[in-house]
Amino acid sequence: MTEPGASPPFTLSREAHSIRRSMMRDLIAITARPGIISFAGGLPAPELFPVDAWQAATDRVLTREGRAAMQYGPPYLPLQESIAALMAQRGASVEADQVFIVTGAQQGLHVAARLLMDPDSPVVLDRFVFTGVRQAFGGESRLVREVDNGPTGTLDGDGLGAAFDARPSPRVIVVVPDFHNPVGTSLSQNDRRLVLQVAGQHDAAVVEDDPYSWISFDGRLSRALVADAPERVLYIGSFSKIVAPALRLGWMIAPRPVIAKLRVIKESVDLETSGLTQRVAGEFLASGALEPHLGKLRRAYAERCAAMCAALERWMPAGTRWSRPDGGMFIWVELPDGHDTLAALEPAVEAGVAYVPGQAFASRPAARTMRLNFSNATVDQIGVGVALLGEVLTHHTRLAA
Ligand SMILES: Cc1ncc(COP(=O)(O)O)c(C=O)c1O
């Protein structure tokens, strides 16, 4: 038997050789010890999953069209229509045939990268970015130009300009305009306009990766970039955070000329997204179950985020800065000089609390940063966990000094 980690008795592709495990997966495995208060994963609150509504929708679909629901089939038009109606809430005027169903936003990122990128194509990414974006767009031989982002949420306009002025010119910029993972911030209207303007000047595509915008705490929805530049933007939405990740269901809005290409690329990955899941999601949306569910998520997450901000205020070492999100699931913390969040993780886990060191989202050292998730812990756990974290961080720097 081959030992794990030993070379296999056959030749691997160059891609397989160069591909690396996401540091985040390893960290989340370490932090998933029983009894630990974890701010590490990007997990929604399980007690809020709409299990009953989903079950009722499944029963209705199977009773009505069991056989068709279990067959191969084209994208499910009623779901595409409901998604077009959701996009109208974001200012985007979209026909059902422009809604391209994908098996989760991660698949959307993957097919978008295959549509737009050659092995040596430059791409513009945030300095701190969801690992799945980096995996899809930042392959080994690709030139990644990074634009700084951090707790204030202001777009680094000079960095953006420099990324596009360098040669060869980037073809793609990937943005997460609302409640960014990992930094938690949203782009201002001006920053959104600037992204579209700069991409337009350089004939680049904009990938708008948007799993979080419907979780705005006050229920106000931003205008999607794709609403203002439908010919330039590939929009990617997801049901993972607004219904449940296990659906593995998302959607793209793309200019009509590229939809046919996307279809062929997606076919090579998984033929099609589960027709059963598409039908149940269509039924769930048509029954009006999403809006009250979003109301519950918004109230609960707003309360948890406020509890986390208050606890950070109380327990973090002096000079610490953090983002103050108006939605989503994450807070980004930047500690003062001398802190090392990677080194402090083990003592934190020993003390009973976990987070993701910012380094997991970066290509360069980022020792003073960390991502905290607030959706997957109760208000009480947040109070206790942040107090433990404050104690560990204060003690740890004293030891390191
Ligand atoms: C910014 C971002 N994009 C994409 C995804 C992937 O989402 P999905 O579960 O729909 O594949 C995530 C998941 O956490 C994310 O945070």
Side-chain angles (χ1 to χ4, degrees), residues 22-25 27-28 38-46 49 79 83 86 99-114 123-138 146-147 149 153 172-187 195 206-216 222 224-226 233-253 262 266 269-270 273-274 277-278 281 290 297 301 323 325 327-332 355-356 358 360-362 371-376:
S22 136
M23 175 180 174
M24 187 135 108
R25 296 249 161 237
L27 290 173
I28 287 178
S38 182
F39 304 135
L43 307 183
F49 286 143
L79 174 63
I83 292 172
L86 273 181
V99 177
F100 183 72
I101 303 291
V102 285
T103 306
Q106 186 60 42
Q107 183 177 75
L109 291 166
H110 178 84
V111 296
R114 281 186 65 188
V123 59
V124 180
L125 303 181
D126 292 317
R127 177 174 177 214
F128 296 108
V129 71
F130 167 59
T131 47
V133 169
R134 212 180 272 286
Q135 283 172 327
F137 281 89
E146 295 189 342
V147 178
N149 61 340
V172 188
I173 173 167
V174 184
V175 287
V176 182
D178 289 294
F179 317 130
H180 187 282
N181 178 10
V183 299
T185 57
S186 302
L187 293 182
V195 168
V206 177
V207 173
E208 179 176 17
D209 181 21
D210 183 40
Y212 302 103
S213 59
W214 271 272
I215 318 178
S216 70
S222 68
L225 294 185
V226 70
V233 176
L234 268 81
Y235 174 94
I236 306 176
S238 172
F239 287 104
S240 287
K241 306 302 172 12
I242 60 176
V243 183
L247 272 49
R248 307 310 307 132
L249 189 64
W251 69 93
M252 295 176 73
I253 308 296
L262 283 172
K266 178 181 159 57
V269 181
D270 69 351
T273 294
S274 158
T277 307
Q278 288 188 60
L290 182 64
L297 288 184
Y301 290 4
S323 55
M329 301 181 5
F330 304 108
I331 292 180
W332 186 247
Y355 57 85
V356 181
F361 306 99
R371 186 192 76 176
L372 300 179
N373 164 267
F374 54 78
S375 57
N376 192 240

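We count ligands from 1, going down the list as the structure has it; atoms in each ligand are counted the same way.
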- request: If the plane angle is over 60° it's perpendicular, under 30° parallel, otherwise tilted; pick one for Phe128 and Trp332.
  value: tilted
- line: In this structure, atom 13 (C) of ligand 1 is nearest to the protein heavy atom Lys241 NZ, 3.0 Å
query: With a cut-off of 4.0 Å, which atoms of ligand 1 are near a heavy atom of Gln106?
result: 6 (C), 8 (P), 11 (O)
- request: Report the part of His180 (side chain from C-beta onward, or backbone N, CA, C, O) that has a heavy atom under 4.0 Å from ligand 1; answer both or neither where that applies.
  value: neither
field: Atoms in ligand 1 flagged as close to Ser240, the criterion being non-hydrogen separation under 4.0 Å
entry: 8 (P), 9 (O), 10 (O)
message: Using a 4.0 Å cut-off to any heavy atom of Ala105, which atoms of ligand 1 qualify?
response: 4 (C), 6 (C), 7 (O), 8 (P), 10 (O), 11 (O)
query: Between Trp251 and Trp214, what is the ring plane arrangement, given parallel below 30°, perpendicular above 60°, and tilted in between?
result: perpendicular
- prompt: So which heavy atom on Pro325 is nearest to which on Phe374, and how close?
  reply: CG-CE2, 4.3 Å
- line: For Gly104, the ligand 1 atoms with a heavy-atom partner under 4.0 Å come out as 10 (O), 11 (O)
task: Go through ligand 1 atom by atom and flag the ones less than 4.0 Å from a non-hydrogen atom of Ser238.
output: 8 (P), 10 (O)
message: Checking contacts here: is it the side chain or the backbone of Arg248 that comes within 4.0 Å of ligand 1, counting heavy atoms only? Could be both or neither.
response: side chain
task: Over all heavy atoms of both residues, which pair between Gly184 and Ser323 is shortest? Give the atoms and the distance, please.
output: CA-OG, 4.4 Å
message: With heavy-atom distances below 4.5 Å as the criterion, would you say the side chains of Asp210 and Ile236 are in contact?
response: no
field: Winner among Phe130, Phe330, Trp251, Tyr212 once heavy atoms are compared against atom 16 (O) of ligand 1
entry: Tyr212
task: Measure across Val111 and Met252 and return the closest heavy-atom pair with its distance rounded to 0.1 Å.
output: CG2-SD, 3.7 Å
field: Distance from atom 1 (C) of ligand 1 to nearest protein heavy atom, with residue and atom
entry: Asp209 OD2, 3.2 Å
- request: Output, in order, the C-alpha distance, side-chain angles, deciding distance and verdict of side-chain contact (heavy atoms from CB on, under 4.5 Å) for Phe361 and Asp126.
  value: CA-CA 10 Å; Phe361 306 99; Asp126 292 317; over 6 Å; no
Gly250 near ligand 1 by a heavy-atom separation under 4.0 Å: no
- request: Mind running side-chain contact (heavy atoms from CB on, under 4.5 Å) on Asp209 and Val175 for me, showing each step along the way?
  value: CA-CA 6 Å; Asp209 181 21; Val175 287; over 6 Å; no
